[in-house]
Participant: 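Dropping the structure in here first, questions after.
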2 protein chains.
Amino acid sequence: MATIYEVAELAKVSLATVSRVINGNVKVSPKTLDKVKAAMDELGYRPNSIAQSLASNRTNRVGVLVSELSGPFFSNMLSIVEQELRAAGKHAIIAAGHSDEKSEKAGIEFLLSCRCDALILHVDCVSDEYLLELHRQDIPFSIINHRIEALSDRCFTVDNEMGGYLAAKAVLAAGHRKIAYISGPSFKEDAQLRLAGHKRALAEYNIEFNEALHCTGNYQEEGGKEALHTIYQQNSDFTAVVCANDEMAVGAMFSARELGFSLPETLSIAGFDDLIFARYTYPTLATVHNPISDMGSMAAKWILREVYNNSSSEELINVFRPEFVTRRSLNLLS
Amino acid sequence: MATIYEVAELAKVSLATVSRVINGNVKVSPKTLDKVKAAMDELGYRPNSIAQSLASNRTNRVGVLVSELSGPFFSNMLSIVEQELRAAGKHAIIAAGHSDEKSEKAGIEFLLSCRCDALILHVDCVSDEYLLELHRQDIPFSIINHRIEALSDRCFTVDNEMGGYLAAKAVLAAGHRKIAYISGPSFKEDAQLRLAGHKRALAEYNIEFNEALHCTGNYQEEGGKEALHTIYQQNSDFTAVVCANDEMAVGAMFSARELGFSLPETLSIAGFDDLIFARYTYPTLATVHNPISDMGSMAAKWILREVYNNSSSEELINVFRPEFVTRRSLNLLS
DNA sequence: TTGTAGGCGTTATCAT
DNA sequence: ATGATAACGCCTACAA
């Protein structure tokens, strides 16, 4: 592969001039520009990005850490982040932390060892303290789905409390009063907020939150299955179950049929996230739309602006408003 | 960040020695090894992978091109490929071609401009000729879901013909004789093969393939919806519809209900791929399991072995045997 | 506007 | 086993 030297030689100019036309930030006379471009074409020259990185101390790599790579949750977000970065000539390096702290830290370490210029983080388990430490080390990053007040400009979230509120409110508005709730793991911030929103809606209707109708799940299908059985044993008197995410809702659907409910006639179900398959379940799943892709897009744009000085004037949205998407799994009580 | 120079100075050895302990391939005396390691610890030294790449002409990057990043098809595969590569200290760079030739070529160009040591390709539209040209340029790559005879050792596929055969056979074995077929885009190799397998099964049962019961879809949900309507207008006399992938099957389910069928009583449906949501549809979708993740794993292992001389003795499987997974959407005719 | 030269942090090839 | 030293391909003052 041709190097900058050969181009310089063929074009009868110096290295520096070739470098200038590559980067295009310093003026070069039209004549030499032509000469150099012709030489580059002739040799099929491609700049060596590694050498560029070494000399400029910029890798043009952005590390993206998601808590899970498999599963339906992240693929659209990754797709958008990758597009956004690639359009700006940056490379996305993707790593997965598997929803435990050690693995997430290892993922971050890995990305740093790749010499990423910046990181986009969707983490569940890592402490704020760790992230603040990262910030003190002058490592630029943006955060998806988690808010740290001190770094709020780089945090992109959905209002999970509001989402929990909207789901409960929709179920209440449909006439349900005996409502079971399957929450996410209590150490996860979004799970806490969704639950808080749920309780707020109940309070508005003067309904007490009934612990016998509550069970904590693990955000996974299996957890949803088990949780519904657990609740049913404690108290079988409910007409709706709200789940803190769609995967658990699918599990709950499964168990509901095992328990003899018919959906949605004798039991309504609501989820959260609006994953792709929410339209495929039967009945289709009423759920809160979680704009995870939009958050990814914003996180990427923040990096482009702050780290690479991309001067897009687009306004970034830090907190998205969720919306409830009603579907067949929510039955209107007459 | 500390450099190798500082480590060498602190440990009172030469650069070269430090480099040796980093790479660990040349013997170093235990005493100096300790000294160097102590110095590295003290300085919090981390090798600069960029500089390593420049000097060694190895980037340890593997480019992964998938035809679609969004959607449920690839996320599991990517997850496995990333794990496999990272375990070997390689970085996955992911790019998406959007199922058209230009975009796929652009994706490959992009990955090459990243100086990837090798590529893993899941392409739909790029010609064999282009891939062979890539090969002539000594760019190492492995291929998923497409077979080129001249490069068969690096191609990892599922036997699509067999899959088409198995699906049809299962439907036939369930007693169906009037079977509609929604095929994938005819320019896609896997679509052709699946159709061929379907026809072979019909032939075994001495059933003629009826073009009035056939429609070509686009592998997407919308295509499946439209295709079933089209077929129904041509000929409404069928008891089962086999779809060339799950997404179209979901669309077909939707249209089937619009047309007044009840599932699976009056219409059986079968898919292909066994995507995650096949277990969530109602009725659950009988389909052909497509071991896309396994193919990814093999493709990664091939790269590790051939490009990085990873001496794993594990035998690689080039062609996977599909299996039919029967579920509720397939009704047994009595 | 253009050229010169030093440096970026390694690896690799020689010697020793 | 260890040490000098020359690449690796480019960027970036500084000089012309």
Side-chain angles (χ1 to χ4, degrees), chain A residues 1-40 43-61 89 91 112-117 308-309, chain B residues 1-40 43-61 89-91 112-117 307-309:
Chain A
M1 174 117 313
T3 73
I4 198 173
Y5 291 95
E6 305 171 42
V7 175
E9 194 177 14
L10 184 60
K12 295 185 200 308
V13 296
S14 73
L15 288 195
T17 303
V18 179
S19 175
R20 285 177 192 118
V21 344
I22 291 170
N23 296 297
N25 35 13
V26 180
K27 281 260 179 232
V28 175
S29 81
K31 240 174 42 192
T32 45
L33 188 85
D34 282 351
K35 275 197 303 186
V36 172
K37 285 206 163 166
M40 296 202 306
L43 295 171
Y45 170 77
R46 292 265 210 71
N48 181 327
S49 64
I50 295 288
Q52 289 178 316
S53 296
L54 184 62
S56 66
N57 206 25
R58 267 281 161 89
T59 60
N60 290 316
R61 301 176 184 177
H91 315 336
L112 290 178
S113 81
C114 293
R115 245 54 187 188
C116 292
D117 293 332
Y308 297 111
N309 305 314
Chain B
M1 174 114 314
T3 73
I4 200 173
Y5 290 95
E6 306 170 43
V7 175
E9 195 177 11
L10 184 60
K12 297 185 200 308
V13 296
S14 73
L15 287 194
T17 302
V18 179
S19 176
R20 284 176 193 120
V21 345
I22 292 168
N23 295 296
N25 35 13
V26 181
K27 280 259 181 236
V28 177
S29 81
K31 242 172 42 189
T32 44
L33 187 86
D34 282 352
K35 277 197 301 187
V36 172
K37 285 205 163 167
M40 298 202 305
L43 296 170
Y45 169 77
R46 290 265 212 72
N48 181 326
S49 65
I50 296 289
Q52 289 177 317
S53 295
L54 183 62
S56 64
N57 205 24
R58 267 285 159 86
T59 61
N60 290 315
R61 298 175 185 177
K90 314 303 173 197
H91 315 337
L112 290 178
S113 82
C114 292
R115 243 59 186 184
C116 291
D117 294 332
V307 179
Y308 297 110
N309 305 312

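Letters A, B, ... are given to chains in the order of the sequence lines, protein chains preceding strands, and every chain is numbered from 1.
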Participant: So how far is it from B:Leu33 CG to B:Lys27 NZ, rounded to the nearest 0.5 Å?
Facilitator: 10.0 Å
Participant: Does some side-chain heavy atom of A:Asn48 sit less than 4.5 Å from a side-chain heavy atom of A:Thr3?
Facilitator: no
Participant: Quick check: do A:Arg61 and B:Ile50 have side-chain heavy atoms less than 4.5 Å from each other?
Facilitator: yes
Participant: When you check every protein heavy atom under 4.0 Å of nucleotides 9-16 of chain C, what one-letter string (B, S, -) results, 5' to 3'?
Facilitator: BBSB----
Participant: Testing the basics here: between B:Arg115 and A:Pro47, what is the closest heavy-atom pair and its distance to 0.1 Å?
Facilitator: NH1-O, 3.3 Å
Participant: If the cut-off is 4.0 Å, is B:Ser14 near the phosphate of D:dT2, judged by side-chain N/O to OP1 or OP2?
Facilitator: no
Participant: Write down the distance between CG (B:Asn57) and P (D:dG9), rounded to a whole number of angstrom.
Facilitator: 7 Å
Participant: Do the side-chain N and O atoms of B:Tyr308 and B:Asp117 include a donor-acceptor pair separated by under 3.5 angstrom?
Facilitator: yes
